[in-house]
Protein chains: 2
Amino acid sequence: MMKKKIIDLATKLFMKQGYLATSTRQIAKELNITQPALYHHYKNKEQIYIEVLKNFSDEIGINMHQIIESEPDTEQALINICKYLQQTHPMNFSMMMHDMNHELDETTLREIFVIWQKNYFYYFEQLFERLNHTHDLFFSPKQISSHFLRGLSAYIVGESEKSMTPELPIEEFVKIFLHGVIKK
Amino acid sequence: MMKKKIIDLATKLFMKQGYLATSTRQIAKELNITQPALYHHYKNKEQIYIEVLKNFSDEIGINMHQIIESEPDTEQALINICKYLQQTHPMNFSMMMHDMNHELDETTLREIFVIWQKNYFYYFEQLFERLNHTHDLFFSPKQISSHFLRGLSAYIVGESEKSMTPELPIEEFVKIFLHGVIKK
DNA sequence: GTCTATAATAGGATAGAC
DNA sequence: GTCTATCCTATTATAGAC
(Lines give C-alpha, C1' and ligand atoms only; values in the text may rest on other atoms or scores of the structure.)
Protein backbone atom coordinates (compact mmCIF):
# COMPACT_ATOMS: atom_id res chain seq x y z
CA MET A 1 0.00 0.00 0.00
CA MET A 2 1.77 3.08 -1.27
CA LYS A 3 -0.54 5.54 0.50
CA LYS A 4 0.34 4.06 3.83
CA LYS A 5 4.05 4.06 3.07
CA ILE A 6 3.86 7.73 2.17
CA ILE A 7 2.09 8.65 5.38
CA ASP A 8 4.44 6.61 7.53
CA LEU A 9 7.50 8.26 6.12
CA ALA A 10 5.95 11.71 5.95
CA THR A 11 5.00 11.38 9.61
CA LYS A 12 8.60 10.73 10.53
CA LEU A 13 9.92 13.64 8.49
CA PHE A 14 7.27 16.24 9.36
CA MET A 15 7.53 15.45 13.03
CA LYS A 16 11.28 15.66 13.09
CA GLN A 17 11.88 18.59 10.76
CA GLY A 18 8.66 20.53 10.69
CA TYR A 19 6.37 21.28 7.78
CA LEU A 20 8.44 23.86 5.93
CA ALA A 21 11.74 22.06 6.25
CA THR A 22 10.29 18.88 4.76
CA SER A 23 10.06 18.86 0.98
CA THR A 24 7.99 16.60 -1.22
CA ARG A 25 11.21 15.78 -3.04
CA GLN A 26 12.72 14.43 0.15
CA ILE A 27 9.66 12.32 0.89
CA ALA A 28 9.69 10.91 -2.62
CA LYS A 29 13.41 10.24 -2.62
CA GLU A 30 13.33 8.21 0.58
CA LEU A 31 10.51 6.14 -0.89
CA ASN A 32 12.49 5.58 -4.08
CA ILE A 33 9.87 7.16 -6.26
CA THR A 34 9.91 10.47 -8.10
CA GLN A 35 8.38 13.57 -6.63
CA PRO A 36 5.47 13.85 -9.11
CA ALA A 37 4.44 10.31 -8.23
CA LEU A 38 3.28 11.57 -4.84
CA TYR A 39 0.64 13.64 -6.54
CA HIS A 40 -1.07 10.54 -7.80
CA HIS A 41 -1.86 9.65 -4.18
CA TYR A 42 -2.40 13.05 -2.61
CA LYS A 43 -3.55 16.32 -4.10
CA ASN A 44 -0.76 18.39 -2.58
CA LYS A 45 1.70 18.69 0.27
CA GLU A 46 -0.88 20.11 2.65
CA GLN A 47 -3.15 17.10 2.18
CA ILE A 48 -0.30 14.79 3.09
CA TYR A 49 0.30 16.82 6.23
CA ILE A 50 -3.35 16.74 7.20
CA GLU A 51 -3.49 13.00 6.66
CA VAL A 52 -0.39 12.63 8.83
CA LEU A 53 -1.95 14.64 11.65
CA LYS A 54 -5.23 12.75 11.58
CA ASN A 55 -3.65 9.36 11.33
CA PHE A 56 -1.17 10.00 14.07
CA SER A 57 -3.70 11.46 16.41
CA ASP A 58 -6.04 8.49 15.96
CA GLU A 59 -3.30 6.10 16.90
CA ILE A 60 -2.52 8.14 19.99
CA GLY A 61 -6.17 8.00 21.01
CA ILE A 62 -6.35 4.24 20.72
CA ASN A 63 -3.28 3.72 22.84
CA MET A 64 -4.22 6.29 25.44
CA HIS A 65 -7.54 4.56 25.85
CA GLN A 66 -5.85 1.26 26.35
CA ILE A 67 -3.38 2.60 28.89
CA ILE A 68 -6.10 4.21 30.97
CA GLU A 69 -8.22 1.08 30.93
CA SER A 70 -5.42 -1.19 32.03
CA GLU A 71 -4.05 0.96 34.86
CA PRO A 72 -6.47 1.67 37.74
CA ASP A 73 -4.03 3.89 39.67
CA THR A 74 -4.46 7.43 38.38
CA GLU A 75 -0.94 8.63 39.05
CA GLN A 76 0.59 5.57 37.44
CA ALA A 77 -1.74 5.86 34.45
CA LEU A 78 -0.58 9.44 33.98
CA ILE A 79 3.03 8.37 34.12
CA ASN A 80 2.44 5.58 31.64
CA ILE A 81 0.73 7.91 29.23
CA CYS A 82 3.52 10.45 29.47
CA LYS A 83 6.11 7.78 28.86
CA TYR A 84 4.18 6.54 25.90
CA LEU A 85 3.79 10.02 24.40
CA GLN A 86 7.40 10.89 25.00
CA GLN A 87 8.56 7.79 23.21
CA THR A 88 6.04 7.87 20.40
CA HIS A 89 6.04 11.52 19.45
CA PRO A 90 9.12 11.77 17.32
CA MET A 91 8.87 15.49 17.46
CA ASN A 92 8.59 18.87 18.92
CA PHE A 93 5.01 19.25 20.00
CA SER A 94 5.07 23.04 20.07
CA MET A 95 6.50 23.25 16.60
CA MET A 96 3.67 21.08 15.37
CA MET A 97 1.18 23.53 16.86
CA HIS A 98 2.96 26.37 15.19
CA ASP A 99 3.00 24.64 11.81
CA MET A 100 -0.67 23.84 12.09
CA ASN A 101 -1.54 27.41 12.92
CA HIS A 102 0.52 28.87 10.14
CA GLU A 103 0.25 26.38 7.29
CA LEU A 104 -3.34 25.20 7.49
CA ASP A 105 -6.46 27.16 6.75
CA GLU A 106 -8.96 27.73 9.48
CA THR A 107 -11.49 25.11 8.46
CA THR A 108 -8.88 22.39 8.38
CA LEU A 109 -7.49 23.61 11.67
CA ARG A 110 -10.84 23.33 13.35
CA GLU A 111 -11.39 19.88 11.96
CA ILE A 112 -8.07 18.67 13.30
CA PHE A 113 -8.69 20.37 16.58
CA VAL A 114 -11.83 18.28 17.05
CA ILE A 115 -9.85 15.12 16.42
CA TRP A 116 -7.26 16.21 18.95
CA GLN A 117 -9.90 16.99 21.51
CA LYS A 118 -11.11 13.42 21.17
CA ASN A 119 -7.72 11.78 21.22
CA TYR A 120 -5.68 13.89 23.64
CA PHE A 121 -7.62 16.27 25.84
CA TYR A 122 -10.50 13.92 26.46
CA TYR A 123 -8.36 11.25 28.08
CA PHE A 124 -6.46 13.67 30.25
CA GLU A 125 -9.68 15.21 31.44
CA GLN A 126 -10.99 11.78 32.29
CA LEU A 127 -7.93 11.06 34.41
CA PHE A 128 -8.16 14.33 36.31
CA GLU A 129 -11.87 13.76 36.85
CA ARG A 130 -10.90 10.51 38.48
CA LEU A 131 -8.37 12.31 40.62
CA ASN A 132 -10.98 14.87 41.59
CA HIS A 133 -13.02 12.16 43.31
CA THR A 134 -10.27 11.19 45.69
CA HIS A 135 -8.41 14.47 46.15
CA ASP A 136 -9.00 18.13 46.75
CA LEU A 137 -7.76 20.05 43.69
CA PHE A 138 -6.89 23.73 43.24
CA PHE A 139 -8.63 23.95 39.86
CA SER A 140 -11.23 22.19 37.78
CA PRO A 141 -10.24 18.95 36.03
CA LYS A 142 -10.63 20.77 32.72
CA GLN A 143 -8.22 23.52 33.68
CA ILE A 144 -5.76 21.12 35.16
CA SER A 145 -5.69 18.79 32.20
CA SER A 146 -5.14 21.73 29.90
CA HIS A 147 -2.32 22.95 32.09
CA PHE A 148 -0.86 19.48 32.30
CA LEU A 149 -0.83 18.96 28.57
CA ARG A 150 0.85 22.29 28.13
CA GLY A 151 3.59 21.41 30.57
CA LEU A 152 3.98 17.98 29.08
CA SER A 153 4.44 19.45 25.63
CA ALA A 154 7.67 21.00 26.86
CA TYR A 155 8.87 17.48 27.58
CA ILE A 156 7.99 16.23 24.13
CA VAL A 157 10.76 17.62 22.00
CA GLY A 158 13.18 16.31 19.42
CA GLU A 159 16.47 14.71 20.36
CA SER A 160 18.54 17.72 19.42
CA GLU A 161 16.62 20.09 21.69
CA LYS A 162 17.09 17.91 24.72
CA SER A 163 20.74 18.83 25.02
CA MET A 164 20.00 22.48 25.66
CA THR A 165 18.03 22.24 28.88
CA PRO A 166 18.47 19.03 30.84
CA GLU A 167 15.13 17.45 31.68
CA LEU A 168 13.83 15.62 34.66
CA PRO A 169 12.65 12.02 34.22
CA ILE A 170 9.03 12.12 33.17
CA GLU A 171 7.94 10.42 36.41
CA GLU A 172 9.29 13.35 38.37
CA PHE A 173 7.48 15.76 36.12
CA VAL A 174 4.20 14.01 36.91
CA LYS A 175 4.90 13.82 40.63
CA ILE A 176 5.81 17.48 40.95
CA PHE A 177 2.76 18.39 38.95
CA LEU A 178 0.39 16.37 41.08
CA HIS A 179 1.97 17.63 44.26
CA GLY A 180 1.41 21.11 42.90
CA VAL A 181 -2.28 20.87 42.09
CA ILE A 182 -3.45 18.76 45.01
CA LYS A 183 -4.38 20.74 48.11
CA LYS A 184 -2.94 20.08 51.60
CA MET B 1 21.16 53.35 12.42
CA MET B 2 20.18 50.86 9.73
CA LYS B 3 21.80 47.86 11.41
CA LYS B 4 19.66 48.37 14.48
CA LYS B 5 16.50 48.80 12.45
CA ILE B 6 17.22 45.56 10.64
CA ILE B 7 17.74 43.65 13.87
CA ASP B 8 14.64 45.11 15.48
CA LEU B 9 12.41 44.12 12.63
CA ALA B 10 14.11 40.78 12.06
CA THR B 11 13.60 39.99 15.73
CA LYS B 12 9.90 40.55 15.40
CA LEU B 13 9.59 38.44 12.27
CA PHE B 14 11.86 35.55 13.25
CA MET B 15 10.22 35.27 16.61
CA LYS B 16 6.75 35.26 15.21
CA GLN B 17 7.20 33.17 12.09
CA GLY B 18 10.33 31.16 12.66
CA TYR B 19 13.56 31.13 10.72
CA LEU B 20 12.47 29.32 7.58
CA ALA B 21 9.20 31.15 7.14
CA THR B 22 10.89 34.53 7.32
CA SER B 23 12.50 35.63 4.07
CA THR B 24 15.12 38.30 3.56
CA ARG B 25 12.74 39.84 1.04
CA GLN B 26 10.11 40.30 3.69
CA ILE B 27 12.56 41.90 6.07
CA ALA B 28 13.77 44.27 3.37
CA LYS B 29 10.30 45.11 2.18
CA GLU B 30 9.05 46.12 5.60
CA LEU B 31 12.10 48.37 5.95
CA ASN B 32 11.42 49.93 2.57
CA ILE B 33 14.74 48.90 1.15
CA THR B 34 15.55 46.25 -1.44
CA GLN B 35 16.58 42.78 -0.45
CA PRO B 36 20.22 43.03 -1.64
CA ALA B 37 20.69 46.11 0.52
CA LEU B 38 20.57 43.86 3.56
CA TYR B 39 23.77 42.22 2.45
CA HIS B 40 25.65 45.44 2.87
CA HIS B 41 25.00 45.22 6.60
CA TYR B 42 25.10 41.47 7.22
CA LYS B 43 26.92 38.70 5.42
CA ASN B 44 23.87 36.47 5.12
CA LYS B 45 20.55 35.49 6.64
CA GLU B 46 22.12 33.30 9.27
CA GLN B 47 24.24 36.18 10.56
CA ILE B 48 21.13 38.29 10.97
CA TYR B 49 19.51 35.50 12.92
CA ILE B 50 22.54 35.08 15.16
CA GLU B 51 22.66 38.79 15.82
CA VAL B 52 18.96 38.72 16.67
CA LEU B 53 19.44 35.91 19.16
CA LYS B 54 22.42 37.55 20.87
CA ASN B 55 20.86 40.95 21.00
CA PHE B 56 17.56 39.72 22.31
CA SER B 57 19.10 37.51 24.92
CA ASP B 58 21.26 40.35 26.23
CA GLU B 59 18.26 42.54 26.69
CA ILE B 60 16.46 39.78 28.55
CA GLY B 61 19.43 39.42 30.86
CA ILE B 62 19.50 43.11 31.73
CA ASN B 63 15.84 43.19 32.56
CA MET B 64 15.83 39.95 34.50
CA HIS B 65 18.66 41.30 36.60
CA GLN B 66 16.73 44.44 37.33
CA ILE B 67 13.55 42.61 38.25
CA ILE B 68 15.35 40.32 40.66
CA GLU B 69 17.17 43.22 42.32
CA SER B 70 14.04 45.25 42.85
CA GLU B 71 11.81 42.48 44.22
CA PRO B 72 12.97 40.86 47.46
CA ASP B 73 10.13 38.35 47.63
CA THR B 74 11.19 35.29 45.67
CA GLU B 75 7.76 34.16 44.59
CA GLN B 76 6.80 37.63 43.46
CA ALA B 77 10.09 38.04 41.62
CA LEU B 78 9.41 34.79 39.76
CA ILE B 79 5.95 35.99 38.83
CA ASN B 80 7.29 39.32 37.63
CA ILE B 81 9.92 37.65 35.49
CA CYS B 82 7.39 35.31 33.96
CA LYS B 83 5.08 38.18 33.17
CA TYR B 84 7.94 40.09 31.63
CA LEU B 85 9.05 37.14 29.49
CA GLN B 86 5.54 36.34 28.40
CA GLN B 87 4.99 39.88 27.25
CA THR B 88 8.40 40.43 25.71
CA HIS B 89 8.97 37.18 23.87
CA PRO B 90 6.95 37.70 20.76
CA MET B 91 7.33 34.09 19.93
CA ASN B 92 7.22 30.43 20.36
CA PHE B 93 10.13 29.56 22.60
CA SER B 94 10.25 25.92 21.56
CA MET B 95 10.26 26.77 17.90
CA MET B 96 13.23 29.03 18.50
CA MET B 97 15.08 26.12 20.06
CA HIS B 98 14.21 23.97 17.11
CA ASP B 99 15.36 26.58 14.60
CA MET B 100 18.60 27.06 16.46
CA ASN B 101 19.29 23.35 16.50
CA HIS B 102 18.49 22.86 12.86
CA GLU B 103 19.68 26.03 11.16
CA LEU B 104 22.87 26.90 13.01
CA ASP B 105 26.17 25.04 12.98
CA GLU B 106 27.45 23.56 16.19
CA THR B 107 30.04 26.21 16.98
CA THR B 108 27.52 29.00 16.70
CA LEU B 109 25.06 27.00 18.73
CA ARG B 110 27.50 26.57 21.56
CA GLU B 111 28.34 30.25 21.50
CA ILE B 112 24.70 31.23 21.78
CA PHE B 113 24.12 28.64 24.44
CA VAL B 114 26.74 30.32 26.62
CA ILE B 115 24.98 33.65 26.22
CA TRP B 116 21.67 32.04 27.18
CA GLN B 117 23.18 30.43 30.19
CA LYS B 118 24.27 33.85 31.35
CA ASN B 119 21.00 35.62 30.59
CA TYR B 120 18.31 33.07 31.35
CA PHE B 121 19.40 30.06 33.39
CA TYR B 122 21.68 31.99 35.67
CA TYR B 123 18.96 34.22 37.03
CA PHE B 124 16.50 31.42 37.54
CA GLU B 125 19.09 29.43 39.41
CA GLN B 126 19.78 32.42 41.58
CA LEU B 127 16.12 32.68 42.49
CA PHE B 128 15.78 29.02 43.35
CA GLU B 129 18.97 29.20 45.39
CA ARG B 130 17.28 31.94 47.36
CA LEU B 131 14.22 29.78 47.79
CA ASN B 132 16.39 26.91 48.92
CA HIS B 133 17.48 28.89 51.97
CA THR B 134 13.99 29.34 53.30
CA HIS B 135 12.26 26.18 52.08
CA ASP B 136 12.78 22.47 51.79
CA LEU B 137 12.90 21.53 48.11
CA PHE B 138 12.47 18.18 46.37
CA PHE B 139 15.36 18.79 43.98
CA SER B 140 18.46 20.91 43.63
CA PRO B 141 18.06 24.57 42.59
CA LYS B 142 19.78 23.71 39.31
CA GLN B 143 17.35 20.94 38.49
CA ILE B 144 14.38 22.97 39.53
CA SER B 145 15.31 26.03 37.52
CA SER B 146 15.86 23.89 34.47
CA HIS B 147 12.48 22.27 34.99
CA PHE B 148 10.85 25.61 35.60
CA LEU B 149 12.23 27.16 32.42
CA ARG B 150 11.01 24.17 30.47
CA GLY B 151 7.52 24.50 31.84
CA LEU B 152 7.53 28.22 31.32
CA SER B 153 8.51 27.77 27.69
CA ALA B 154 5.14 26.14 27.12
CA TYR B 155 3.56 29.39 28.27
CA ILE B 156 5.62 31.49 25.91
CA VAL B 157 3.96 30.89 22.60
CA GLY B 158 2.62 33.00 19.77
CA GLU B 159 -0.87 34.45 19.79
CA SER B 160 -2.26 31.93 17.33
CA GLU B 161 -1.21 28.94 19.39
CA LYS B 162 -2.92 30.20 22.50
CA SER B 163 -6.34 29.45 21.14
CA MET B 164 -5.69 25.73 20.95
CA THR B 165 -5.11 24.97 24.60
CA PRO B 166 -6.43 27.53 27.04
CA GLU B 167 -3.75 28.62 29.48
CA LEU B 168 -3.82 29.50 33.14
CA PRO B 169 -2.77 33.00 34.20
CA ILE B 170 0.98 33.00 34.62
CA GLU B 171 0.68 33.67 38.37
CA GLU B 172 -1.16 30.40 38.77
CA PHE B 173 1.50 28.60 36.80
CA VAL B 174 4.13 29.88 39.23
CA LYS B 175 2.04 29.08 42.30
CA ILE B 176 1.29 25.52 41.23
CA PHE B 177 4.92 25.02 40.37
CA LEU B 178 6.18 26.24 43.72
CA HIS B 179 3.57 24.25 45.59
CA GLY B 180 4.82 21.27 43.61
CA VAL B 181 8.51 21.50 44.37
CA ILE B 182 8.36 22.67 47.99
CA LYS B 183 8.13 19.85 50.54
CA LYS B 184 5.48 19.64 53.27
C1' DG C 1 24.42 52.71 1.51
C1' DT C 2 21.23 51.63 -1.76
C1' DC C 3 19.91 50.43 -6.31
C1' DT C 4 19.09 47.20 -10.70
C1' DA C 5 20.01 43.06 -12.76
C1' DT C 6 20.74 38.56 -12.41
C1' DA C 7 22.65 34.13 -11.04
C1' DA C 8 21.86 29.78 -8.73
C1' DT C 9 19.04 26.85 -6.48
C1' DA C 10 15.10 24.65 -4.62
C1' DG C 11 10.49 24.25 -3.99
C1' DG C 12 5.45 22.86 -5.33
C1' DA C 13 2.76 21.46 -8.95
C1' DT C 14 1.00 19.89 -13.82
C1' DA C 15 0.98 17.51 -18.59
C1' DG C 16 1.30 13.67 -20.94
C1' DA C 17 3.74 9.22 -22.20
C1' DC C 18 4.15 4.43 -20.73
C1' DG D 1 1.09 3.98 -10.63
C1' DT D 2 5.16 5.80 -11.98
C1' DC D 3 8.07 8.16 -15.14
C1' DT D 4 10.28 12.38 -17.79
C1' DA D 5 9.97 16.93 -18.86
C1' DT D 6 8.80 21.19 -17.60
C1' DC D 7 6.62 25.42 -15.48
C1' DC D 8 6.19 28.76 -12.14
C1' DT D 9 7.44 30.81 -8.22
C1' DA D 10 10.23 31.97 -4.31
C1' DT D 11 14.44 32.04 -2.16
C1' DT D 12 19.40 33.35 -0.93
C1' DA D 13 23.12 35.59 -2.65
C1' DT D 14 26.45 38.27 -5.81
C1' DA D 15 28.17 41.87 -9.28
C1' DG D 16 28.56 46.24 -10.39
C1' DA D 17 26.55 51.01 -11.20
C1' DC D 18 25.29 55.30 -8.70
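Worth saying up front: this structure is predicted, and the values here are computed from it rather than measured. Here is how names work: the chains are called A, B, and so on, in the same order as the sequence lines, proteins then strands, and each is numbered from 1.
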- Can you tell if the side chain of A/Ile176 reaches within under 4.5 Å of the side chain of B/Phe139, non-hydrogen atoms only?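 Side-chain contact under 4.5 Å: yes.
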
- Query: Taking side chain as C-beta onward, heavy atoms only, is A/Met15 less than 4.5 Å from A/Val52?
  - Reply: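 In contact.
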
- Sub-6.0 Å ring centroid separation between A/Trp116 and A/Phe93: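 They qualify: ring centres under 6.0 Å apart.
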
- Message: Is the distance between the ring centroids of A/His98 and A/Tyr19 under 6.0 Å?
- Response: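 Distance test on ring centres: not under 6.0 Å, no.
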
- Just wondering, are more than 12 heavy atoms of other shown residues or ligands nearer than 6.0 Å to NZ in B/Lys43?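 It does not: B/Lys43 NZ has 12 such atoms or fewer within range.
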
- Query: Where is the tightest heavy-atom contact between A/Thr22 and A/Lys45, given as atom of each residue plus distance?
  - Reply: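 Answer, listing the atom of A/Thr22 first, then A/Lys45: O-NZ, 2.8 Å.
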
- For the residue pair B/Leu104 and B/Ile112, what are the closest heavy atoms and their distance?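 Closest pair (atom of B/Leu104, atom of B/Ile112, distance): CD1-CD1, 4.0 Å.
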
Between atom [atom1] in [X] and atom [atom2] in [N], what is the gap in whole Å?
X	N	atom1	atom2	answer
A/Lys45	C/dA10	NZ	C1'	11 Å
A/Leu31	D/dT2	CG	P	10 Å
A/Tyr42	C/dA13	OH	P	15 Å
B/Leu38	D/dT14	CG	P	13 Å

- Message: Does either side chain, that of A/Thr108 or that of A/Asp105, offer a donor lying less than 3.5 Å from an acceptor on the other one?
- Response: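 Yes - a donor-acceptor pair under 3.5 Å links their side chains.
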
- Task: Enter the inter-axis angle for the ends of the helix from C/dG1-D/dC18 to C/dC18-D/dG1 (five pairs per end, rounded to 10°).
- Result: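 End-to-end axis angle for the helix from C/dG1-D/dC18 to C/dC18-D/dG1: 0°, rounded to 10°.
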
- Classify the angle between the aromatic ring planes of A/His179 and B/His179 as parallel (below 30°), tilted (30 to 60°) or perpendicular (above 60°).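 Taking B/His179 first and then A/His179, their aromatic rings lie parallel (interplane angle under 30°).
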
- Name the orientation class of the two ring planes belonging to A/His147 and B/Phe173 (parallel below 30°, tilted from 30 to 60°, perpendicular beyond 60°).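 The rings of A/His147 and B/Phe173 stand perpendicular, inter-plane angle above 60°.
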
- Message: Side chain of A/Tyr39 only, heavy atoms from C-beta on: which candidate in D/dT12, C/dG1, C/dG12 is closest?
- Response: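 Closest of the options to the side chain of A/Tyr39: C/dG12.
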
Using the 3.5 Å cut-off, write out each protein N or O paired with an N or O of nucleotides 3-5 of chain C and the distance between them.
| residue | atom | partner | partner atom | Å |
| --- | --- | --- | --- | --- |
| C/dC3 | OP2 | B/Thr34 | N | 2.6 |
| C/dC3 | OP2 | B/Thr34 | OG1 | 2.7 |

- Item | Near-strand residues of residues 22-30 of chain B, defined as heavy-atom separation under 4.0 angstrom from DNA chain D |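 The stretch gives B/Thr22, B/Ser23, B/Thr24, B/Arg25 as the residues lying under 4.0 Å from the strand, ordered by number.
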
- Query: Quick one: OG on A/Ser146 to CZ on A/Phe121, what's the gap to the nearest 0.5 Å?
  - Reply: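 That separation rounds to 7.0 Å.
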
